[in-house]
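Notes to accompany the following structure.
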There are 2 protein chains.
Amino acid sequence: MKQISTRFSIAVHILSLIAVSSNCTGDFIAGSVNTNPVVIRRIMGMLKKAGLLDVRAGVGGAFLLKSPEQITLLDIYRAVNVTKEDQLFRIHDDSNVQCPVGRNIEWVLQSELKEAQSAMEQRLAQTTLSQLTARFK
Amino acid sequence: MKQISTRFSIAVHILSLIAVSSNCTGDFIAGSVNTNPVVIRRIMGMLKKAGLLDVRAGVGGAFLLKSPEQITLLDIYRAVNVTKEDQLFRIHDDSNVQCPVGRNIEWVLQSELKEAQSAMEQRLAQTTLSQLTARFK
DNA sequence: GTTCGTGTAACTATAATGGTTACAACGGTG
DNA sequence: CACCGTTGTAACCATTATAGTTACACGAAC
């Protein structure tokens with residue numbers, strides 16, 4: 001990865017729209033995001049699986065399952081599966097155990113990078129959907 | 001990106017080896033990392049361009065240009081170019097400006113995600129190479 | 001039963017990753 | 001000077017992720 005997928009930013013966009021006006025259809029959201037409706041439906045499927053929203057079958061239109069105050073950017077980030085196994089950093093895992101560095105690098109980095117990842121995630125957890133929608137006036 | 005490239009963790013491995021024993025050759029490092037020497041040379045080229053190490057041409061062997069106390073994980077992270085234009089998060093950038101959400105989402109997310117990225121980077125900046133090598137006993 | 005919206009499958013083009021072979025250039029050593 | 005190990009790149013490849021597209025079955029209201 002050069003960058004974290006736009007699935008995350010689009011997911012925030014989707015939830016913001018629904019928070020502002022309930023019962024948006026996927027096609028309407030696709031118009032605001034300016035992309036293909038299938039892309040929106042796929043992401044909405046992930047948000048649905050994460051328990052953040054639900055969709056009225058047949059008739060269409062989505063609504064939040066939690067209030068915007070209770071949805072954080074971290075919830076959304078986790079929902080759209082932008083990192084593999086929740087590990088932001090990939091660490092090479094076949095080092096030569098004969099070497100003192102090779103023998104220890106993996107777990108040393110594992111613990112160190114977990115801290116950095118956690119710092120980011122905790123910052124995401126501080127921002128709620130309602131804080132964002134307040135800025136869309 | 002599903003994950004940040006192993007270039008970063010391999011770069012830390014490389015610099016750790018050089019910090020422990022100066023004048024490592026690329027091939028020796030490749031043996032410790034357990035990968036192809038060209039992969040190592042490519043990453044060493046980036047570290048060289050970033051001013052972290054230099055290599056004795058012809059004879060071979062690398063040495064640090066800064067002391068391990070002065071090299072942070074953030075320096076290494078930046079050196080290996082694992083994110084595009086130093087933006088960890090990619091944000092969809094073609095939203096419909098007719099929509100109040102679409103009109104504002106980009107810069108609102110830009111500023112918010114910059115904070116999260118920064119939180120991670122500042123955590124990386126707190127760890128030095130010397131702190132890591134101390135754990136390779 | 002028509003119609004609009006949803007949920008998926010399948011396919012595509014593009015890009016990043018990580019490994020590989022090949023080879024020119026460099027600089028001590030014999 | 002010739003040799004030889006090392007470095008620096010170029011070129012190529014398989015694999016994976018992304019993001020878009022078409023197609024179509026299904027649901028529910030009208």
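These numbers come from the heavy atoms of this one structure, side chains and all, not from hydrogens, waters or symmetry mates. Note that the structure is predicted; figures quoted are calculated from it, not measured.
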What does the list of N/O pairs under 3.5 Å between the protein and nucleotides 1-4 of chain D look like, with a distance for each?
none

Task: Distance in angstrom units between Ile43(B) CD1 and dT9(D) P, rounded - done: 15 Å
Task: Contacts of Asp93(A) that satisfy side chain to side chain donor-acceptor pair (under 3.5 Å) - sequence neighbours left out - done: none
- [ ] Let me know which of Val39(A), Leu15(A), Ile14(A) forms a side chain to side chain contact (heavy atoms under 4.5 Å, CB included) with Met44(A).
- [x] Ile14(A)
Open item on the list: Could you list the cluster mates of Val59(B)? Members are the ILVMFWY residues connected by side-chain heavy atoms closer than 4.5 Å, either directly or through other members.
Closed with: none
Task: Value in whole Å for how far the C1' atom of dT18(D) lies from CZ of Phe89(B) - done: 17 Å
TODO: Calculate the interatomic distance between Arg42(A) atom CZ and dA23(D) atom P; express it in whole Å.
DONE: 16 Å
Task: Remaining members of the apolar cluster that contains Val38(A), side-chain heavy atoms under 4.5 Å - done: none
TODO: Return the set of residues passing side chain to side chain donor-acceptor pair (under 3.5 Å) with Thr72(B) (not counting sequence neighbours), or none when no residue passes.
DONE: Asp75(B)
Open item on the list: Assess whether a salt bridge exists between Glu112(A) and Arg135(B), defined as any Lys/Arg side-chain N lying under 4.0 Å from an Asp/Glu carboxylate O.
Closed with: yes
Task: Distance in angstrom units between His92(A) NE2 and dT17(C) C1', rounded - done: 15 Å
- [ ] Round to the nearest Å and state the distance from Leu47(B) atom CG to dT7(D) atom P.
- [x] 14 Å
Open item on the list: Expressed as a whole number of angstroms, how long is the span from Asn36(B):CG to dC13(D):P?
Closed with: 17 Å
Task: Those residues that, when tested against Gln70(B), pass side chain to side chain donor-acceptor pair (under 3.5 Å) (two or more places apart) - done: Ser67(B)
TODO: Calculate the interatomic distance between Ile40(A) atom CD1 and dT8(C) atom C1'; express it in whole Å.
DONE: 16 Å
- [ ] Would you kindly check whether a donor in the side chain of Arg90(A) faces an acceptor in the base of dG18(C), or vice versa, at under 3.5 angstrom?
- [x] no
TODO: For Phe89(B), check ring-ring contact (aromatic ring centres under 6.0 Å, His included) against everything at least two apart and list the hits.
DONE: Phe8(A)
TODO: Return the value, rounded to whole Å, for the distance between atom CD1 of Ile14(B) and atom P of dG8(D).
DONE: 12 Å
Open item on the list: Run the side chain to side chain donor-acceptor pair (under 3.5 Å) test against Ser32(B) and tell me which residues pass, sequence neighbours left out.
Closed with: His13(B)
Open item on the list: Can you tell me which nucleotide in dG20(D), dT21(C), dG19(C) comes closest to the side chain of Val38(B)?
Closed with: dT21(C)
- [ ] Name all pairs fulfilling the ring-ring contact (aromatic ring centres under 6.0 Å, His included) condition that reach into residues 27-52 of chain A, sequence neighbours left out, sorted by first residue then second.
- [x] none
TODO: Could you work out which one of dG19(C), dG18(C), dA19(D) sits closest to the side chain of Thr6(B)?
DONE: dG18(C)
Atom pairs under 3.5 Å: protein N/O with N/O of nucleotides 12-16 of chain C:
none

Restricting to nitrogen or oxygen on both sides, can you table the protein-nucleotides 1-6 of chain C pairs closer than 3.5 Å?
from: dT6(C); atom 1: OP1; to: Gly26(A); atom 2: N; distance (Å): 3.1
from: dT6(C); atom 1: OP1; to: Gly61(A); atom 2: N; distance (Å): 3.3
from: dT6(C); atom 1: OP2; to: Gly26(A); atom 2: N; distance (Å): 3.1

Task: Side-chain cluster (under 4.5 Å, hydrophobic types only) that Leu65(A) belongs to, other residues - done: Phe63(A)
